Every structure is written in structure tokens, then in C-alpha cells.
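Counting starts at 1 for both ligands and their atoms, following the listed order. Since the model is a prediction, treat every value here as computed from it, not as a measurement. Here, residue 1 is the first one in the sequence, and each next residue gets the next number. Computed from heavy atoms alone, side chains included, the values below leave out hydrogens, waters and symmetry copies.
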Amino acid sequence: MSVSLPMNQPRRWASTVAKAASVAMTLMGGLVLIGWALGIVALVELFPALTAMNPITALLFILLGVGLSQIAWKKPSAAEGKDAARWVLGSIVALMGVLRLVDYAGLLHLHIDQLLFASRVNALETYPQNEIAPNSAVGFVLCGLALSFSDFETRRRFRPAQVSVLVAGVIALFALVGYTYRVLYFYRFGGALPMSLDSAVEFALFCIGFLAARPDRGLMGVITSGTTGGAVARRLLPMAICIPWILGAVLLYGEHSGYYRQELALAIFAALSIVIFAGLIWWNAQLLYLVDMERERADRRMAVQHRATRVLADASGLVEGVEQVLRAICETLGWQVGVLWLRHPGEERLRWAGAWSAPGALVEEFVESGRELSFGRGEAFPGQVWERDRPVWVTQAAWLGEPRRGESAARAGLRSAIGFPVRAGELPGIMEFFATAEETPDPALLEILGGIGSQAGLFIERARAEEQLRRATANLERSNADLQQFAYVASHDLIEPLRMVTSYLQLVTERYDGALDDQGREFIHFAVDGAQRMRALIHDLLDYSRVEVRGASLEAIESEEAFGAALSNLKIAIEESGAEVSHKALPRVCGDNAQLTRVFQNLIGNGLKFRGAERPRIEAGASRSDAHWVFFVRDNGIGIDPKEFERIFVIFQRLHTRREYPGTGMGLAICKRIVERHGGRMWVESTPGKGSTFFFSLRATNEPAPEAPQHPRTSIG
Ligand code: ADP
């Protein structure tokens, strides 16, 4: 399959040359035929006393010209019919060539060159017996075959047709050079008729046109390509053909005219050839040199970009990452020192933030000389880069601007420096690199370094944020642990004295009941009630603080079982309230059985407690959502104002007085904490007066979910 790509400039030109060659060939052949038909000698002989072109030769050139136009105007993939026409044209030309050669070999005497205008052909003065010259016959065989098999290509993209046409071209070149230098042997084989000058021109045209018609294929692919090889070939080939030819001809003409002798002509030819070709070679070598240099630089740029990006992506810590990126840039560029300056929070100065240097005492001394320094905007090299806010490349000694650093740079032999901004959010920095070699500034490299500066900035910002986050998390974990410890110890230690207060108050009631009046008894009742409430509060607080510390490990459990346990704990309350509790099948989840029981118990308990006028109806179930099961516990109680959805999960937060509904305000806080410990979430939906639905999610186990039956499984009440 052939793919046609957009043509570059040389290929467009080549295509025009091919078309022009085909037109010129056909025209020339046509004119010669007209010349024979009308007897116009000037048309059949280019110069008087030279061989005239045989009319059959002219006809064959017309066929070749038409065949060439078919290639020049047609893309390789076009219709088959035209290919057949070209094949026929090529075969006729090649066959005629072969027949003429057979004639020369004396095997047959067909006299094909006498087929047209025989009387006129044989009446010319110069060569009475006008025939197709043997070299022309060979040329026709070669060109005819080339035309027939023009688009045939071997698997290695070799085109035999191009070689065939090149051989014909060389025969034509010999003839043309022979005519220029008047060397008969170059265009005449043995005693046969010489190739006419216009035949030589026609063959040359066909050769050029044929090669140019497929400018992107075979041998021509290299010459017309956009590569350096193509550029060099296009520069050298015309020179290699024209210079010796013209130079030789001019010198020969001078010699013939008697201006100088043969030795001198040859000496001038040799000397001028040396000078011209040496110059040409230098010119082209310079092109190759520049291309190679540019490629080397491009490789270096790519390598810097690639290594720096990789290092920045892999590095974890700020210090380690900075050192690695400085090192990566130094090593890929072959530079000796890299330094990072960063602005510190609350300061308008750049301070030393890290460095990397190649081994060497003087270079290390230079790095050390900067360690204690700081620079304001515009001060010394880092300050200048900061002020200009773009990459800077300097190659003179005076660039450091800070005397001590400048001196140690000179001692270390550092001669080139690059600086570029590192954009790390609010607090930017500067990266500096130094080399002992005097490096030529490379704007494209500077641009890439500018990009690396932005990447490094993002990295520094990220590393700083990560460090802050790490610190904050550690602080938070510590204060959380302290708080937990405090709550645990406090609740634990408070229980004991409280128990004493309650016991002694009870003792007072029992022993001194008679000595107390009604008010005294009431006071003691209040005191006991308060102490009991405090006990409940402390118990709940203790439970809350134990959720994390005392929780069992999370494993696959049947939530159905936890639900059953909660129901049996609430059996009396359910019976007393006459509630109807139902649930759908509950799944297996990853959790702590006791804690899940606690969650169900609190939610069902609240459903019973915050009942409305109707008989309480509580319903539970679960549905799958990705990797989680979302549980719900719905009641038909008093409901909750949406404004309070968040508050009810906070410890000690209640929406009612104890007189209305007893409780500590800890139940939901404990549930939420348990669910969060399981990696889940808890929330509520409710319409005041109509009931509430509490939701919580728990991680599913990897085992398949049980089939949920359509009817309620449990019904108590
Ligand atoms: P407590 O039940 O001890 O008051 P909770 O933490 O369990 O504490 O509940 C906090 C508050 O949220 C309750 O005081 C109540 O106002 C409200 N609440 C909880 N569950 C329900 C419910 N099912 N229906 C209506 N309000 C509720």
C-alpha cells in the first residue's frame, strides 16, 4: 500500500522537472519527425555536419516522452489502465532496440530504421545510410524496460528501473561529453553510425525526467529528502556534474585556440578542481557539523528534561528531592555545581536551600562560600535572576557580584553560569548552575530549564505542603491520644468517688429517714438523682473514649446477628412500648460485632424513645453501594428539624429537656464514632412530626452478598 505524504519543496520541484522533461522529449521527437516529413534539414540535424536523428528514433523518443508523462502526471496508486498503456509503450521501445541490436549482430536484417521516409533518410550527405546507432539501441532497450517496470520495487525498496535508466543516462552523458570535447569514441561504437546529439539530449532528458517523476522512491528518496544527506546531495551532485565538464571544455577551448599548451590546461584543471572541490567539501562538512552540533544539543536538552522530570516525580522529601534534581541537571549537562536558593516565609531575601557539586576541593569550597549568604532582589547573580524573573545565561567572570563568592568561583575555574527562577507559589526561589567550560548560550536549553524551574517549584510546593500536613497530622494524633487518655482517666477516676457519694446518700436515707423532714428527703432525692445522672454521663463518656482503644479487630460478621442482639437487649422496652420492629435481610460486613450491636441498639432505642402519638414502628434494612453496605433504621417518631441534623451527632447535644425525654446526648455521638472507626459515614434524613431515618455505611466483605428476601424477617410487638 502506498501512502502519499505532503511533498516537500525539492519533491515539488522534481515533479515539475519530470513533467517538463516529458513535454520537451515529445516536442523534440515531434519536430524531428516533421523535419523528415517536410524535408526540413534544420529540424533533423541540430548542427550541420552532425548526425541526423533517424525518424524511427524520433518516434521511439515520442513514445518514451508520452510514457514519461504518464508517470509524471499520475500518482503511483492511480488506475491500472494507464499502467497497461505505459507497459505497452515501454515494450515497443525496448523491442525496437532489441531488433536493431539483432540487426547489428548480423543475425537478422530487418532494417527497422528504414521503415519511415526511407528515400530521404538515405539521401543525406553526412551519413548516407541513416540508422539507429548501436548505443541508441542499447539506450532504447534500457529506457523501454525502465518504462515498463517503472513502479516495480523489491522488498528492500530497490527499483531496478532506476538503475536501468541511470545506465542509459551514463551512455547519454558520454555522448554529450564526447560532443563537447569532440571525442568521437564517446558516442560512436566501432564503425557504426554515431549517436546523434539530439538523441543524447533526449536520453539525458528521459533519465532526469524518469528519476524526478518518483522523487520519493528508491535512489531519489535520499536526494529529495529533507535530511542533511538530501541537502548535501542536492548541493554536490549538480556541481560534480557541471564543474569538471564546463571547466574542462573551457580549458580545452583555450588550448585549441592556442592560448596555452596541453600541460598548462591540465595543470589549471587539476589545481582549480582541487580548490573548488576542497571548498565544496568544506562547505558541506560545515553543514554536517552544524547539524551534528544541533542534534547533540537537542539530545542534551531532551536528556535534561527527561531526567529532571523523572527525579521530581520519584522524589519524596524536599531536601532529598532538591539535591537529586540539582545533581540530575549537573550530570546531564556536564556542569559542576548546582545551587538552590529559596525565599523564606516572611523574608524578602533568598537563602541557601541546597546544593550539589562534582567532587573536587575547589568546587566544594565555592559551594561552601555561599552557604551563609543571602540576597535581596537585584543583589548579585541570584538576586538578578529573581528580579528579571526569567532564565539567564552568563559567560563572564564578573557575574557573581559578591566578592567572596566571585573569588572562590575564579579559583575553582568556573566560567559559565545559568540561573533560572523556581516558581514555588508565594515563595519563589532560584536555581543556579556553574560550569568550568565556557559554554555557548543555548536559548532552547534555557527555555527547557525555565520549564524545569516551574516543575521544581510545583515539587517544592508539594513537598512543603506534605511536610506541613505530616506535622499537623502528627500533632493532631498526639492531641487526640492525649484527649482520649484524659477522658478515659477522668471518667474512670470520677466513677469511684461518685459511687461513694451515692452509697453514703443512700445510707443517710436508710438510717436517718426518721430524722429527716420532707424537704430533707426531697433534697437527698435530688442529690441521688444528680449523682445517678452524672454516673450515666460518665459511663457514656467512658464508652465514647473507648470506641477506638477498646474496639475489637474488624472482621467478617453477620450484621443480622448484631441486630438480633440489639433487639434482645431492648426486649423489655420494645414490649412496654408495644412497638413493631421489622427488618429485611441484613448482610455480612466487615466490623466489630459488639460495636455494631451498640449502634443498632442506640438507633432502635431512640426510635422507641422519641415516639409520637402513634404506636412506634421501626424498620431496618441495607442496600449495596459499591464497596459499602448502606444500612438504615427508620422510625415513625417525632422527627428532627433539618437544622439540627449535624448537631445531634455532637457529644452531649440534645434537642429536648430531660423532663421531656431522658438521656445523656451521647448515644448518636458514640454511634457516629463507631461507624467512622469502621471507615463508614453516618447521617440522618427526617421530616419533623413524620419520623426519622438514620443511615450508616459499612465496608462489605469480599464474599458474595446474600439474597435479600422480599418479605420482613422479624416482627416483634
Ligand atoms: P439522647 O438520646 O441521649 O438524647 P442521642 O445522642 O441519642 O442522645 O440523641 C441526640 C438527640 O437527637 C436527641 O436528644 C434527640 O433530640 C435527637 N434524636 C435522636 N434520635 C432521634 C429520633 N429517632 N427521633 C427524633 N429525634 C431524635
Contact residues of ligand 1 with a heavy-atom cut-off of under 4.0 Å?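 Near ligand 1, by chain and number: Asn606, Lys609, Phe610, Asp635, Ile638, Gly639, Ile640, Ile648, Gln653, Arg654, Leu655, His656, Gly663, Thr664, Gly665, Met666, Gly667, Leu668, Ser692, Phe694.
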
His678 and Phe696 aromatic centres sub-6.0 Å: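 No: the rings miss the under 6.0 Å criterion.
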
Could you list all the salt bridge (Lys or Arg N to Asp or Glu O under 4.0 Å) pairs where at least one residue sits in residues 472-485, not counting sequence neighbours?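 As it turns out, there is no salt bridge (Lys or Arg N to Asp or Glu O under 4.0 Å) pair with a partner in residues 472-485 once direct neighbours are skipped.
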
message = Looking at Glu368 and Arg371, is any side-chain nitrogen of the basic one under 4.0 Å from a carboxylate oxygen of the acidic one?
response =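 Yes, charged N to carboxylate O under 4.0 Å.
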
- Can you label the angle between the Phe563 ring and the His583 ring as parallel, tilted or perpendicular, going by 30° and 60°?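 Phe563 vs His583 ring planes: tilted.
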
Kindly confirm or rule out a cation-pi arrangement of Arg654 over Tyr661, judged by NZ or CZ under 6.0 Å from the six-membered ring centre and within 45° of its axis?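 Cation-pi check for Arg654 and Tyr661: fails.
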
I'd like to know if the side chain of Arg535 reaches the main chain of Leu498, judged simply by a donor and an acceptor atom lying under 3.5 Å from each other, with no hydrogens or angles considered.
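The answer is no, because no donor-acceptor pair under 3.5 Å joins these two groups.
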
